[in-house]
Amino acid sequence: MYAPYEVLPYSHDALSLLIQRVTGTSFHRVRQKRQISYLDHYITHWQRRENPNRTIQMIVENHYIDQHFIEDFAQYYVRCFHPYPRECVRVHFFLSDLVQEQNNPGNKKPVLDELCFRNILEGKNSDGVNQEQLRKDYLGFVVIRPIPETFLAKVCLKLYSNIMSGNTNGCTVLTIENKVSLFGIPLQVDSVPFQEQDRVLSACATSAIWSFFYAHKCVSRINLPS
């Protein structure tokens, strides 16, 4: 049984190890997936191009109930011979400032660490980081299903600043407000969610329709099918 949350430094390997732990898929298989490589390239862009003096931290919700996976779990996975868990893991990504370590002036550490996040949950202002700063530094989240191979469920990431400023080469960008509660902390990311096709229960068209329904302003997300 893991703690309700963990605060970890982001890297391609760290995310792959986390997915290995949740899904039982081998580390090398996870790391070589094109979707994971794409996510790594997308997420690290915020550090490489836009915030080179900051780093990226992950806050991991270890016991997350995903509405759509729990529907699929009830309809299919609970009846399988293999005992699949019903809980997912949701990984949140944040930009974080770096500060000098007290005992090692030559090294820097992220301001947003486990102690800092615990203080924020308790309503304290920790090293200048509070709930408002978390909202500004929020990059989005990824839900990991506890199944092998097709484990990427709802993925919702912040759009790059050049896209938000209208530099889209004539394309129309659809966004919706995705409100998130991180242990009671209200967060928001303006984007359209997508997910990896679960080949056991769906086809590629159903994943595309799922994203389309999310993007459609006249479709209620409460009644959105899995």
Side-chain angles (χ1 to χ4, degrees), residues 1-27 30-31 36 39-40 43-44 47 54-70 73 77-78 82-99 101-104 107-148 151-158 178-189 195:
M1 179 66 68
Y2 292 96
Y5 66 86
E6 301 168 81
V7 181
L8 305 171
Y10 173 79
S11 70
H12 194 163
D13 287 349
L15 180 61
S16 299
L17 283 169
L18 176 63
I19 294 173
Q20 177 193 22
R21 187 185 83 189
V22 175
T23 67
T25 309
S26 72
F27 170 79
V30 173
R31 201 182 190 285
I36 299 302
L39 282 175
D40 177 66
I43 292 166
T44 53
Q47 182 182 17
R54 308 184 80 190
T55 189
I56 298 172
Q57 292 287 89
M58 300 186 292
I59 297 182
V60 182
E61 285 185 80
N62 281 316
H63 308 289
Y64 177 70
I65 300 297
D66 180 76
Q67 173 191 349
H68 295 145
F69 178 73
I70 206 69
F73 178 84
Y77 288 105
V78 73
H82 180 83
Y84 290 102
R86 69 188 187 96
E87 294 179 337
C88 296
V89 166
R90 185 164 63 166
V91 186
H92 304 266
F93 304 97
F94 295 87
L95 285 168
S96 174
D97 290 327
L98 294 166
V99 294
E101 291 186 8
Q102 292 181 352
N103 299 328
N104 193 347
N107 287 347
K108 292 185 176 181
K109 66 174 185 176
V111 173
L112 180 59
D113 57 12
E114 197 140 341
L115 176 60
C116 174
F117 184 61
R118 189 186 316 137
N119 287 337
I120 294 171
L121 289 177
E122 293 173 357
K124 302 174 184 176
N125 192 329
S126 181
D127 294 324
V129 180
N130 51 27
Q131 291 192 19
E132 183 60 31
Q133 189 63 46
L134 275 185
R135 284 191 279 273
K136 292 179 180 178
D137 292 336
Y138 191 46
L139 300 179
F141 65 88
V142 173
V143 176
I144 303 169
R145 293 181 285 230
I147 59 176
F151 41 70
L152 291 177
K154 189 175 183 180
V155 178
C156 197
L157 300 173
K158 182 179 178 180
N178 295 276
K179 295 184 179 180
V180 181
S181 177
L182 176 59
F183 298 104
I185 300 174
L187 302 170
Q188 180 176 313
V189 56
Q195 67 173 309

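Under the salt bridge (charged side-chain N to carboxylate O under 4.0 Å, His left out) criterion, R21 pairs with E6, not counting sequence neighbours. The side-chain contact (heavy atoms from CB on, under 4.5 Å) test applied to P9 returns Q57, not counting sequence neighbours. Scanning for side-chain hydrogen bond (donor to acceptor under 3.5 Å, both in side chains) contacts around T44 gives R48, with sequence neighbours left out. In this view, F151 satisfies the ring-ring contact (aromatic ring centres under 6.0 Å, His included) rule with no residue, not counting sequence neighbours. Considering only residues two or more places apart in sequence or on other chains, S26 meets the side-chain contact (heavy atoms from CB on, under 4.5 Å) condition with R29. With sequence neighbours left out, P148 forms a side-chain contact (heavy atoms from CB on, under 4.5 Å) with T25, Y84. Applying the ring-ring contact (aromatic ring centres under 6.0 Å, His included) rule to F27 yields no partners; only residues at least two apart in sequence or on another chain are considered. F94 pairs by the ring-ring contact (aromatic ring centres under 6.0 Å, His included) definition with Y138, not counting sequence neighbours. Remark: L95 pairs with W46, N51, R54, I56, D137, L139 by the side-chain contact (heavy atoms from CB on, under 4.5 Å) rule, at least two apart or across chains.
Geometric assessment of R90 against the ring of F141 yields a positive cation-pi assignment under the 6.0 Å and 45° thresholds.
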Distance-only check: which donor-acceptor pairs under 3.5 Å involve side-chain atoms of residues 109-120, not counting sequence neighbours?
unit_1 : atom_1 : unit_2 : atom_2 : d
D113   : OD1    : L115   : N      : 3.4
D113   : OD1    : C116   : N      : 2.8
N119   : ND2    : L115   : O      : 3.4
N119   : ND2    : S126   : OG     : 3.4

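Among all heavy-atom pairs drawn from C88 and I144, the shortest one is CB-O, 3.3 Å.
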